[in-house]
Amino acid sequence: MSKLRKADKNLIKDLNRSAVINAIRRNGPISRTDLAKITKLGQSTMTKIIEELMNFDLVNEIGEASSTGGRKAILLEFNKLFANAIGIKVMKDHLIFALTDLQANIIEKKEIYFESSLDTQLIINLMKDTINQLLEENHLETNNLIGIGIAVSGLVNGKEGVVLSSPLLNWDNVNLAAPLKEEFQLPVLIDNDVNVYTYAELEFGYGRNSNQFICISIGDGIGAGFVIDNKLYKGEYGGAGEFGHSIISVDGRPCYCGQNGCLETYLSNQSLNLTAQEFFSRYPNSDLFRENINYETITRAAENGDPLAFVLFEQVSKYLSVGLINAINTFNPKKIVLIGEALLGKDYFIEKAIEKSKNNFFKDSFDSEIVLSDLGDDAWLQGAALQAINQLFQPPIYEETNSLVSS
């Protein structure tokens with residue numbers, strides 16, 4: 001269990017410094033007047049903190065704000081080029097890397113393929129080699145990095161940096177953090193990929209205007225990230241978000257988790273093949289007979305007018321609406337943000353699923369808005385990098401906090 005720091009003047013000073021730097025990070029360029037309104041700090045305290053941050057090269061003055069009369073305010077901006085971070089997304093057959101600045105803007109991206117996810121040592125070596133390559137190509141040293149963030153599907157022990165279980169990768173108890181920490185002498189942070197995308201949504205997307213929302217991912221698996229009071233909820237053991245294993249049919253399809261009728265058995269890429277088999281006899285001329293059926297291929301088939309594709313999307317719409325109703329009835333969220341590969345075919349199922357989901361317990365009292373993420377695929381990498389970036393500027397309330405704003 002993390003040990004809280006002693007409540008003293010140093011802690012108060014560090015918390016104030018954290019409030020100022022994070023307000024500038026998220027709202028800059030910003031004037032000192034507006035910064036004081038956000039942080040609620042006195043002028044003398046804030047002036048001293050800004051001076052410290054400028055001396056440390058974390059904050060710069062960048063010019064004057066427009067004026068409606070009187071003296072023009074000097075604007076402050078976070079120095080996003082102070083250092084860099086690495087974000088990595090682990091896929092079934094490849095790795096995606098991003099070198100970012102401290103605002104998680106991607107500077108360079110690489111994709112590296114591998115033959116088998118079972119060769120975990122090869123994957124770890126690919127991570128080491130590619131990070132070194134990114135540094136070399138961008139004329140950087142290891143000490144220019146503040147950390148490495150990794151997104152991976154499955155159940156993750158973030159504190160230990162261990163992937164406890166990933167059905168997609170066929171991994172059990174794989175320690176990714178330790179060898180990378182040893183190689184680079186940097187913090188290495190690992191989380192479930194949907195949680196990671198949710199970090200990006202909090203920072204750049206709908207989370208900027210909503211502090212209660214759910215991200216639901218539909219693709220190879222079905223997962224969710226739950227944001228409560230502007231913080232990602234992970235559960236007691238870090239496993240919150242296994243939304244795909246909510247049961248929607250007690251006697252339904254068997255799931256690898258040991259239950260029957262999980263939402264994932266009707267909405268994942270793999271489940272589309274099972275659904276297609278139930279309808280193949282009615283559509284013997286479908287081009288999907290010759291395809292590996294997933295959201296990409298049925299979207300392409302629908303675009304070509306394949307009737308079986310429309311039937312499959314009708315089933316997706318039906319089961320997704322049930323999942324959405326369950327999410328709304330259980331969490332009463334302000335907003336649900338949909339992400340994932342399934343959105344390739346959004347034009348064929350989303351509108352109907354959202355309309356059906358409105359018939360929920362709260363229909364006469366509240367509306368949960370359902371939207372599609374605007375962030376795109378780079379958000380997986382940006383969210384991965386944000387793990388490392390955000391821990392560097394987190395309020396340093398614990399003794400072991402690795403933060404730039406600690407005394």
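Just the heavy atoms: all of them, side chains too, but no hydrogens, waters or symmetry mates, feed the values below.
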Please answer whether the main-chain N or O of [Y] pairs with a side-chain N or O of [X] as donor and acceptor at a distance below 3.5 Å.
X: E264; Y: H245; value: no
X: D306; Y: D287; value: yes
X: E369; Y: K334; value: no
X: S166; Y: G154; value: no
X: N144; Y: A83; value: no
X: N260; Y: G252; value: yes
X: Q387; Y: I150; value: yes
X: D101; Y: Q103; value: yes
X: N273; Y: I293; value: yes
X: W171; Y: T120; value: no

State, yes or no, whether a side-chain contact exists between [X] and [Y] at a heavy-atom distance under 4.5 Å.
X: L58; Y: N79; value: no
X: L135; Y: L145; value: yes
X: I131; Y: I88; value: yes
X: F213; Y: T198; value: yes
X: L312; Y: F349; value: no
X: I123; Y: M127; value: yes
X: T297; Y: N292; value: no

[atom1]-[atom2] distance between [X] and [Y], expressed to the nearest 0.5 angstrom:
X: I148; Y: N84; atom1: CD1; atom2: CG; value: 12.0 Å
X: I112; Y: L95; atom1: CD1; atom2: CG; value: 7.5 Å
X: S165; Y: N157; atom1: OG; atom2: CG; value: 13.0 Å
X: L15; Y: K13; atom1: CG; atom2: NZ; value: 12.5 Å
X: K181; Y: N175; atom1: NZ; atom2: CG; value: 8.0 Å
X: I222; Y: T265; atom1: CD1; atom2: OG1; value: 9.5 Å

Within 6.0 Å of [atom1] in [X], more than 12 heavy atoms from elsewhere:
X: N211; atom1: CG; result: yes
X: D377; atom1: CG; result: no
X: Q270; atom1: CD; result: no
X: K48; atom1: NZ; result: no
X: F361; atom1: CZ; result: no
X: K128; atom1: NZ; result: yes
X: F366; atom1: CZ; result: no
X: E111; atom1: CD; result: yes

Nearest non-hydrogen partners of [X] and [Y], listed with the distance:
X: V194; Y: C215; value: CG1-O, 4.1 Å
X: I124; Y: L176; value: CG1-CD2, 4.0 Å
X: R208; Y: E203; value: NH1-O, 3.0 Å
X: E61; Y: L76; value: CG-CD2, 3.7 Å
X: A23; Y: T39; value: CB-CG2, 4.0 Å
X: L169; Y: V152; value: CD1-CG2, 3.5 Å

TODO: Would you mind checking if E278 and R253 are paired as a salt bridge, meaning a charged N to carboxylate O distance below 4.0 Å?
DONE: yes
- [ ] Answer yes or no: is there an ion pair linking E137 with K110, defined by an N-O contact shorter than 4.0 Å?
- [x] yes
Would you say the side chains of [X] and [Y] form a donor-acceptor pair under 3.5 Å?
X: N138; Y: E108; answer: yes
X: N22; Y: S18; answer: yes
X: S271; Y: Y319; answer: no
X: N125; Y: Q121; answer: yes
X: S373; Y: E201; answer: yes

- [ ] For the pair F226 and F331, evaluate ring pair (Phe, Tyr, Trp, His ring centres under 6.0 Å) and give the outcome as yes or no after the intermediate values.
- [x] CA-CA 9 Å; F226 302 108; F331 297 100; 4.5 Å; yes
Task: Verdict with supporting geometry, D193 and S153, side chain to side chain donor-acceptor pair (under 3.5 Å) - done: CA-CA 5 Å; D193 53 0; S153 71; 4.9 Å; no
TODO: Check the pair F204, D374 against side chain to side chain contact (heavy atoms under 4.5 Å, CB included), reporting the backbone distance first and the verdict last.
DONE: CA-CA 9 Å; F204 308 119; D374 294 325; over 6 Å; no
TODO: Quick one: do L308 and F280 satisfy side chain to side chain contact (heavy atoms under 4.5 Å, CB included)? Show the steps, please.
DONE: CA-CA 8 Å; L308 177 56; F280 268 155; 3.3 Å; yes
TODO: May I ask you to decide if the ring planes of Y197 and W380 are parallel, tilted or perpendicular, using 30° and 60° as cut-offs?
DONE: perpendicular
Open item on the list: In terms of relative ring orientation, are F393 and F78 parallel, tilted or perpendicular, with 30° and 60° separating the classes?
Closed with: perpendicular
Task: salt bridge (charged side-chain N to carboxylate O under 4.0 Å, His left out) between E351 and K346, worked out - done: CA-CA 8 Å; E351 188 175 340; K346 62 183 182 297; over 6 Å; no
Open item on the list: I'd like to know whether N132 forms a side chain to side chain contact (heavy atoms under 4.5 Å, CB included) with E136, so could you lay out the CA-CA distance, the side-chain angles of the two residues, the decisive distance to 0.1 Å, and finally the verdict.
Closed with: CA-CA 6 Å; N132 281 317; E136 182 179 351; over 6 Å; no
- [ ] Verify side chain to side chain contact (heavy atoms under 4.5 Å, CB included) between M91 and I96, making sure each step is shown before the conclusion.
- [x] CA-CA 8 Å; M91 307 288 284; I96 312 176; 4.3 Å; yes
